[in-house]
Amino acid sequence: MKPGMVPPPPGEESQTVVLPPGWQSYLSPQGRRYYVNTTTNETTWERPSSSPGIPASPGPHRSSLPPTVNGYHASGTPAHPPETAHMSLRKSTGDSQNLGSSSPSKKQSKENTITINCVTFPHPDTMPEQQLLKPTEWSYCDYFWADKKDPQGNGTVAGFELLLQKQLKGKQMQKEMSEFIRERIKIEEDYAKNLAKLSQNSLAAQEEGSLGEAWAQVKKSLADEAEVHLKFSAKLHSEVEKPLMNFRENFKKDMKKCDHHIADLRKQLASRYAAVEKARKALTERQRDLEMKTQQLEIKLSNKTEEDIKKARRKSTQAGDDLMRCVDLYNQAQSKWFEEMVTTTLELERLEVERVEMIRQHLCQYTQLRHETDMFNQSTVEPVDQLLRKVDPAKDRELWVREHKTGNIRPVDMEI
């Protein structure tokens with residue numbers, strides 16, 4: 001549920017000209033209709049034409065708005081002219097004696113909207129569904145406007161706070177992945193060290209012949225394999241662990257700035273909502289005083305009573321103007337918060353996609369290094385295989401006998 005983002009009331013979009021493909025119609029928080037191209041993110045106050053170059057409806061020229069995100073300025077400047085905002089409120093507050101708890105316009109407003117934690121939403125009964133800014137995408141900018149009950153306490157957590165917690169959790173997960181790779185590197189380094197040490201072991205060093213050559217190559221292959229694993233650990237550090245650790249080093253600081261900015265806007269919204277309620281109560285009291293003095297005039301006509309009525313009417317009018325001013329300020333604050341929420345949540349969405357893609361790429365690099373390591377390890381044992389195939393016991397026996405023979409004359413029987 002988004003504040004101010006309500007579909008048009010019946011009859012407002014009854015023109016026979018349909019919107020071109022890719023265009024959506026929305027109401028700004030001030031009630032003014034605008035149009036968003038969901039493909040290009042272009043916004044305009046003028047109804048887009050189905051035919052290029054032909055406006056579908058008369059109106060002001062296309063707004064030269066700065067770059068926007070789904071109809072909201074990325075720069076944070078107001079996307080809706082203040083002079084057109086809240087016209088229905090101004091009409092209803094034009095006559096101070098019609099304001100207050102019994103005002104029809106106020107009753108209608110109360111019936112069409114609900115206020116939750118100082119944010120005004122369309123009433124679910126009158127506006128059960130709202131058009132999404134990014135349909136079918138499950139975008140952050142569509143589903144985190146209201147506050148959520150804190151499962152660990154009795155309070156509530158703002159929707160933006162949930163998004164911020166996810167971002168910070170993602171940063172923590174990224175850090176833990178880096179620590180995991182570091183442990184993997186340590187295992188590789190220890191393994192390489194042990195292999196190198198074992199390759200220098202003198203056990204069975206006196207084996208001779210072709211088998212002795214094969215055995216020597218086995219020990220040499222351990223040294224070669226140790227070198228492969230050392231290179232693997234070095235590449236893991238430079239190409240996987242370090243990028244994971246250093247990605248967005250200032251991320252937490254940036255998120256805190258973003259959190260404070262949105263929180264300040266929310267506090268301002270709460271402050272102006274309190275001012276509206278105070279002004280509304282003041283207006284009710286002024287109207288009650290005016291009504292009481294009017295009744296006294298009917299009972300007893302006097303110049304003093306007439307003067308009191310004039311004074312009470314002036315105060316009631318002033319209270320009505322104060323209420324109108326407070327509501328205008330509240331709506332401006334809510335509009336500003338709304339625009340910043342859209343822009344910021346889309347940015348958080350982009351950052352999350354970027355983080356996931358970065359981790360995916362570096363994990364792919366990890367698997368690629370593993371494949372290369374396995375391939376190099378295989379190459380270290382190939383010479384061993386070649387020598388083992390050449391092992392010839394008969395040839396080894398011949399060579400050994402030739403080297404160590406003591407004579408080929410056999411003993412004979414002794415004669416008497």
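Below, all heavy atoms of this structure are taken into account, side chains as well, without hydrogens, waters or symmetry copies.
In this structure, CD on Q165 lies 13.5 Å from CE on M255, to the nearest 0.5 angstrom. To the nearest 0.5 Å, the span separating CH2 on W215 from CG on L387 amounts to 13.5 Å. Between L163 atom CG and Y140 atom OH the span is 6.5 Å, to the nearest 0.5 Å. Distance check: R313 CZ to R286 CZ gives 14.5 Å after rounding to the nearest 0.5 Å. If you take CD on E241 and CZ on F180, they are separated by 12.5 Å, rounding to the nearest 0.5 Å. Atoms CG and OG1, on D322 and T317 in that order, are 11.0 Å from each other to the nearest 0.5 Å.
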Test log, rule side chain to side chain contact (heavy atoms under 4.5 Å, CB included), inputs L132 and Y143: CA-CA 9 Å; L132 301 178; Y143 296 99; 3.1 Å; yes
S233 vs E189, side chain to side chain contact (heavy atoms under 4.5 Å, CB included): CA-CA, chis, key distance, verdict: CA-CA 6 Å; S233 64; E189 291 174 342; 3.7 Å; yes
Side chain to side chain contact (heavy atoms under 4.5 Å, CB included) between L290 and T294, worked out: CA-CA 6 Å; L290 176 60; T294 302; 4.1 Å; yes
Working for side chain to side chain contact (heavy atoms under 4.5 Å, CB included), residues L244 and M358: CA-CA 8 Å; L244 284 174; M358 181 277 299; 3.8 Å; yes
CA sep, side-chain torsions, deciding dist, call: Q365, Q361, side chain to side chain donor-acceptor pair (under 3.5 Å): CA-CA 6 Å; Q365 180 64 15; Q361 289 179 359; over 6 Å; no
Stepwise salt bridge (Lys or Arg N to Asp or Glu O under 4.0 Å) check, E285 with K281: CA-CA 6 Å; E285 292 175 0; K281 291 179 181 179; over 6 Å; no
Verdict with supporting geometry, E291 and R288, salt bridge (Lys or Arg N to Asp or Glu O under 4.0 Å): CA-CA 5 Å; E291 183 179 356; R288 187 180 298 114; over 6 Å; no
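Between E249 and N246, the closest heavy-atom pair is CG-O, 3.1 Å. Looking at every heavy atom in both residues, G320 comes nearest to L283 through N-CD1, 3.7 Å. Heavy-atom minimum distance, A226 versus A196: CB-N, 3.7 Å. Across all non-hydrogen atoms, the minimal contact from F247 to K171 is O-NZ, 2.8 Å. The nearest pair of heavy atoms linking P243 to S238 is CD-O, 3.5 Å. Across C326 and A275, no two heavy atoms sit closer than the pair SG-O, 3.9 Å.
Salt-bridge check for E188 with R184: passed, with a basic side-chain N closer than 4.0 Å to an acidic carboxylate O. Ionic pairing of E183 and K186 is not present here: no N-O contact between side-chain nitrogen and carboxylate oxygen is shorter than 4.0 angstrom. For K134 and E349, the salt-bridge test passes: some basic side-chain N is under 4.0 Å from an acidic carboxylate O. Ion pair R266/D147 flagged as a salt bridge, since at least one NZ, NE, NH1 or NH2 atom sits closer than 4.0 Å to an Asp/Glu carboxylate oxygen. Look at R325 and D321 and you find no salt bridge, because none of the NZ, NE, NH1 or NH2 atoms lies under 4.0 Å from a carboxylate O. Salt-bridge check for R248 with E354: passed, with a basic side-chain N closer than 4.0 Å to an acidic carboxylate O. Look at D385 and R389 and you find no salt bridge, because none of the NZ, NE, NH1 or NH2 atoms lies under 4.0 Å from a carboxylate O. Under a 4.0 Å N-O distance rule, the pair E357/R360 qualifies as a salt bridge. Electrostatic pairing of R355 and E352 counts as a salt bridge here, judged by a charged N lying under 4.0 Å from a carboxylate O.
In this structure the side chain of D259 reaches within 4.5 angstrom of the side chain of F160, judged on heavy atoms. Counting only heavy atoms from C-beta outward, the side chains of H362 and M177 never approach each other to under 4.5 Å. You'll find the side chain of H229 reaches within 4.5 Å of the side chain of N377, heavy atoms only. At a threshold of 4.5 Å between non-hydrogen side-chain atoms, the residues M341 and T344 do not count as touching. Proximity of L236 to Y366: side-chain heavy atoms (C-beta onward) are separated by under 4.5 Å at one or more points.
For the pair S316 (side chain) and A312 (backbone), a donor-acceptor distance under 3.5 Å is absent. In this structure, the side chain of T345 engages the main chain of V342 through a donor-acceptor pair within 3.5 Å. Between the T373 side chain and the L369 main chain, a donor and an acceptor come within less than 3.5 Å of each other. Checking side-chain atoms of R272 against main-chain N and O of L329 turns up a donor-acceptor pair under 3.5 Å. Judged by distance alone, with hydrogens and angles left aside, the side-chain atoms of Q167 form a donor-acceptor pair with the main-chain N or O of L348 at under 3.5 Å. Judged by distance alone, the side chain of Y330 and the main-chain N or O of C118 form a donor-acceptor pair under 3.5 Å. Of the possible donor and acceptor atoms, one in the side chain of Q334 sits under 3.5 Å from a partner among the backbone N and O of T120. With S379 contributing its side chain and F376 its backbone, the two residues share a donor-acceptor pair below 3.5 Å. A donor-acceptor pair is defined here as one N or O able to donate and one able to accept, closer than 3.5 Å; no such pair exists between the side chain of K242 and the backbone of S178. Between the side chain of T343 and the backbone N or O of E340 there is no donor-acceptor pair closer than 3.5 Å.
Every residue was checked against the side-chain hydrogen bond (donor to acceptor under 3.5 Å, both in side chains) condition with Q268, not counting sequence neighbours, and none meets it.
At most 12 non-hydrogen atoms from other residues, nucleotides or ligands lie less than 6.0 angstrom from CZ of R397.
Donor-acceptor pairing under 3.5 Å is lacking for the side chains of Q332 and D328. No hydrogens or angles considered: a donor-acceptor pair under 3.5 Å links the side chains of S335 and E339. E382 and Q386 share no donor-acceptor pair across their side chains, judged by distance under 3.5 Å alone.
A side-chain contact (heavy atoms from CB on, under 4.5 Å) with K235 holds for exactly one of K231, E239, H237; it is E239.
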